[in-house]
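Single-structure report; data block below.
Numbers for residues simply follow the sequence, beginning at 1.
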Amino acid sequence: MNDQIELLSATEYSIIEEALWKLVRQYPRQVGDPDVKAEYDALGTNKSLAVFVLGGRYKSRNVLGGFTAEINFRVAYKSQPQSSDQRIDRQAYVGRIMRWLENTRDLPILTDGRKITKITASGAVPYKDETGQDKSTVYAADAVMEYKKKGKNLLT
């Protein structure tokens with residue numbers, strides 16, 4: 001049995017990173033949510049939301065060129081809460097995004113026969129990632145997105 005981890009190729013990263021970022025941007029803003037749109041791989045200066053890809057791997061491959069894979073990612077929200085209530089609200093905002101990602105069935109169509117099969121958040125509550133010198137606080141939550149690609153059909 002081969003226990004070696006095979007990391008995703010650069011092609012896979014470019015396809016999946018963009019799809020994941022676009023998916024998070026589709027989160028249906030709720031009453032009380034901050035008015036921000038997700039950026040890819042960067043948090044802005046004041047309040048901002050970002051998606052970071054943390055790594056991925058192939059889980060299995062088949063002889064027809066298909067595979068299953070997973071990618072680890074983080075959703076982070078940066079703001080400058082002034083009270084306990086605001087800190088709770090900011091943390092809850094990230095939690096709502098993660099619950100939506102886990103439960104949404106409107107997943108984007110990926111290229112070349114790829115299909116997202118599952119998104120699973122890690123941990124029950126978003127965590128406080130950092131506090132900046134400007135008194136900003138970042139709340140973040142990690143998740144894993146699993147997807148598959150069908151192999152070539154030999155009958156066509």
Side-chain angles (χ1 to χ4, degrees), residues 1-30 33-34 36-79 90-132 136-156:
M1 186 164 137
N2 187 356
D3 289 338
Q4 188 174 7
I5 295 175
E6 183 182 1
L7 301 178
L8 291 178
S9 68
T11 300
E12 286 305 310
Y13 274 113
S14 65
I15 292 167
I16 298 306
E17 290 168 336
E18 185 173 348
L20 184 57
W21 172 62
K22 286 180 178 178
L23 178 62
V24 172
R25 289 176 61 112
Q26 293 174 19
Y27 166 74
R29 190 169 167 251
Q30 314 234 342
D33 282 350
V36 294
K37 286 194 177 177
E39 296 297 328
Y40 178 74
D41 200 31
L43 287 168
T45 52
N46 291 321
K47 66 178 182 177
S48 59
L49 179 68
V51 177
F52 299 92
V53 172
L54 306 175
R57 69 182 184 99
Y58 295 99
K59 292 176 69 174
S60 64
R61 290 183 175 269
N62 66 43
V63 296
L64 299 175
F67 59 83
T68 59
E70 65 182 18
I71 196 158
N72 299 300
F73 68 95
R74 175 173 295 149
V75 173
Y77 177 66
K78 178 181 178 182
S79 67
R90 297 334 185 249
Q91 186 178 36
Y93 171 57
V94 176
R96 285 191 297 275
I97 293 171
M98 296 310 279
R99 280 189 300 282
W100 177 78
L101 285 169
E102 279 189 316
N103 294 304
T104 190
R105 297 297 169 240
D106 188 20
L107 297 169
I109 305 296
L110 306 176
T111 62
D112 198 23
R114 290 170 183 82
K115 180 180 179 182
I116 298 171
T117 55
K118 182 168 69 167
I119 297 176
T120 307
S122 306
V125 197
Y127 58 91
K128 184 176 173 181
D129 189 37
E130 65 182 48
T131 301
S136 63
T137 302
V138 177
Y139 291 99
D142 296 341
V144 176
M145 181 182 79
E146 296 178 19
Y147 71 102
K148 64 182 177 180
K149 177 184 175 189
K150 290 185 178 183
K152 302 289 182 204
N153 186 348
L154 295 178
L155 301 176
T156 58

Rounded to the nearest 0.5 Å, what separates atom [atom1] in [X] from atom [atom2] in [Y]?
| X | Y | atom1 | atom2 | result |
| --- | --- | --- | --- | --- |
| T104 | L23 | OG1 | CG | 6.5 Å |
| L20 | I15 | CG | CD1 | 13.5 Å |
| K115 | L107 | NZ | CG | 8.5 Å |
| E70 | Y147 | CD | OH | 10.0 Å |
| I5 | Y58 | CD1 | OH | 14.0 Å |
| L101 | Q26 | CG | CD | 10.0 Å |

Original post:
Given the rule in the side chain to side chain contact (heavy atoms under 4.5 Å, CB included) test, do Y77 and I97 qualify, once you have shown the distances and angles that lead to the verdict?
Top reply: CA-CA 10 Å; Y77 177 66; I97 293 171; over 6 Å; no
Original post:
Sub-3.5 Å donor-acceptor pair from the side chain of K78 to the main-chain atoms of G44, do we have one?
Top reply: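 Yes; judged by distance alone, with no hydrogens or angles, the pair exists.
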Subject >> Side-chain donor/acceptor of E102 to backbone N/O of A121, under 3.5 Å >> reply: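 It does hold such a pair.
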Can you list everything that forms a side chain to side chain contact (heavy atoms under 4.5 Å, CB included) with [X]? Sequence neighbours excluded, please.
| X | answer |
| --- | --- |
| Q30 | Y27, D33, R96 |
| K118 | T120, E146 |
| L54 | F52, N72, R74, D142 |
| S14 | none |

With sequence neighbours left out, write down each residue that passes salt bridge (Lys or Arg N to Asp or Glu O under 4.0 Å) with [X], or none if nothing qualifies.
| X | value |
| --- | --- |
| E12 | R114 |
| R29 | none |
| K149 | D112 |
| E39 | none |

What closest approach, in Å, do [X] and [Y] show between heavy atoms, and which atom pair accounts for it?
| X | Y | answer |
| --- | --- | --- |
| A140 | V94 | C-CG1, 4.1 Å |
| V24 | A38 | CG1-CB, 3.8 Å |
| R99 | A92 | NH2-O, 4.4 Å |
| A76 | L43 | O-CD2, 3.7 Å |
| L110 | A19 | CD2-CB, 3.2 Å |

Subject >> Set of residues satisfying side-chain hydrogen bond (donor to acceptor under 3.5 Å, both in side chains) with respect to T117, sequence neighbours excluded >> reply: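 So T117 forms no side-chain hydrogen bond (donor to acceptor under 3.5 Å, both in side chains) with any residue.
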**OP:** Just jot down the side-chain hydrogen bond (donor to acceptor under 3.5 Å, both in side chains) partners of S60, sequence neighbours excluded, or say none.
**Re:**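 T68.
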Subject >> Those residues that, when tested against Y13, pass ring pair (Phe, Tyr, Trp, His ring centres under 6.0 Å) (two or more places apart) >> reply: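 Checked Y13 against ring pair (Phe, Tyr, Trp, His ring centres under 6.0 Å); zero matches.
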**OP:** Could you note down all residue pairs passing salt bridge (charged side-chain N to carboxylate O under 4.0 Å, His left out) where residues 43-55 supplies at least one of them, sequence neighbours left out?
**Re:**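 Matches after skipping sequence neighbours: none remain.
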Subject >> Residue pair V53 / I16, side-chain heavy-atom distance below 4.5 Å >> reply: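 They are not in contact (no side-chain heavy atoms under 4.5 Å apart), so the answer is no.
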